[in-house]
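In listed order, ligands and their atoms are each counted from 1.
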Amino acid sequence: MLDRKLAIIVPYRGRPEHLARFVPHMAEYFQRDPNLSLHIVEQAGTGIFNRGKLKNVGYALARNASDYVCFHDIDYLPLAADYSWSPRPARLIWHGLTHGEDWHTFLAAVVLFDKPSFERINGFPNGYWGWGFEDAELGVRCDMAGIAWDKRDGTFESLPHAHQGIDPNGVPTKEALATQALFWQRRPGLKALMPQDGLSDLEFTSLPAAPLLLAGQPVPNFWHHIVDIGGPG
Ligand code: UDP
Ligand code: MN
């Protein structure tokens, strides 16, 4: 059993086949641990996806009822991973990553955060609309705040899907080029931007949380939030 209350936060939209694998897997993996809550944070509407802002929303929704959080992509299922409390951030995934990630610098996919560290960096940036680079900025935010993070080399099963950052010809998508440009544009002034952009200026509205179901029955502490986070500009 987890020794403190963990909230797993999953940014989500439009991947029903992954949701259908993830929810039963997590219910089974954690054996309905009473110290675990799980939050699917679904972006309402059809506008461009914003993973960083959704993760901030999940944090805002879950923070009061949890001691620490884990930001979790829906397409990685834990097989052997350590979700226990950590006083500093920790990447929980290594085995099962599929895009040639760098062991030293990759801080994404499945990342644990204690609340003080996450609040010190003011959360994720809210302004990355489209695939990628909000996690690259997360890493820089940690560096700037002097927050070191751990690597726990957990093993996960990855669920396949079409890559939204690179097209079938290996060319970066328009979305990826835009978020990459934003990352480099913000980088020199990030120290000044960080306190102004993130948890501190987060705006959203949420429908009442609905329980996630398995075989028609609610899974205790598993929640589905549909949230309106607006759009770019
Ligand atoms: N995601 C989603 N719908 C989308 C895009 C992203 O639900 O249209 C969520 C989902 O949790 C996914 C995560 O954001 O696992 C990361 O996005 P993606 O899998 O596209 O990134 P990559 O595989 O390139 O890391
Ligand atoms: Mn993915």
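In terms of N/O distances under 3.5 Å, ligand 1 is not approached by H72. Inclusion of V10 in the set of residues having an N or O under 3.5 Å from an N or O of ligand 1 is not warranted.
When each atom of ligand 1 is checked for a heavy atom of D73 under 4.0 Å away, the hits are 11 (O), 13 (C), 15 (O), 16 (C). Residue Y12 has at least one heavy-atom neighbour below 4.0 Å for each of these atoms of ligand 1: 7 (O). Below 4.0 Å from some heavy atom of H99 lie the following atoms of ligand 1, by number and element: 23 (O), 24 (O). Listed by atom number, the atoms of ligand 1 under 4.0 Å from D75 heavy atoms are 15 (O), 19 (O), 23 (O). Taking every non-hydrogen atom of P11 and a distance limit under 4.0 Å, the qualifying atoms of ligand 1 come out as 7 (O), 9 (C), 10 (C), 11 (O). Listed by atom number, the atoms of ligand 1 under 4.0 Å from R51 heavy atoms are 13 (C), 14 (O), 16 (C). If you number the atoms of ligand 1 from 1 as listed, the ones under 4.0 Å from a heavy atom of R15 come out as 2 (C), 3 (N), 4 (C), 5 (C), 6 (C), 12 (C), 15 (O), 18 (P), 19 (O), 20 (O).
Each of L199, D197, L138 was scored for a side chain to side chain contact (heavy atoms under 4.5 Å, CB included) with F124, with one residue passing: L138.
The residue H18 has no part lying near ligand 1, judged by heavy-atom distances below 4.0 Å.
Looking at atom 3 (N) of ligand 1, its nearest protein heavy atom turns out to be R13 O, 2.8 Å. In terms of protein heavy-atom proximity, atom 23 (O) of ligand 1 is closest to H161 NE2, 3.1 Å. Nearest to atom 8 (O) of ligand 1 among the protein's heavy atoms is Q164 NE2, 3.5 Å.
The shortest non-hydrogen separation linking I9 to K55 is CG2-O, 4.1 Å. Shown here for I121 and M194, the closest heavy-atom pair between the two residues is O-CG, 3.5 Å. Closest approach of Q43 to G47, counting heavy atoms only: NE2-O, 3.9 Å.
Taking the six-membered ring where the residue is Trp, F133 and F183 present tilted rings, their angle falling between 30° and 60°.
Of the listed options F71, F49, W131, W131 places a heavy atom closest to atom 24 (O) of ligand 1.
Within D75, the N/O/S atom positioned nearest the Mn ion (ligand 2) carries the name OD2.
Ion pairing between R21 and E17 fails under the 4.0 Å rule for side-chain N and carboxylate O.
The cluster map of Ile, Leu, Val, Met, Phe, Trp and Tyr, joined by side-chain heavy atoms under 4.5 Å apart, puts V23 and I226 in different clusters.
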Chi angles and distances behind the ring-ring contact (aromatic ring centres under 6.0 Å, His included) call for Y83, F30: CA-CA 10 Å; Y83 289 82; F30 288 96; 4.9 Å; yes
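At a cut-off of 2.8 Å, H163 does not coordinate the Mn ion (ligand 2) through any N, O or S atom.
Using a 4.5 Å heavy-atom threshold, the side chains of L36 and N221 count as separate.
Ring-centre distance between F118 and F71: below the 6.0 Å cut-off.
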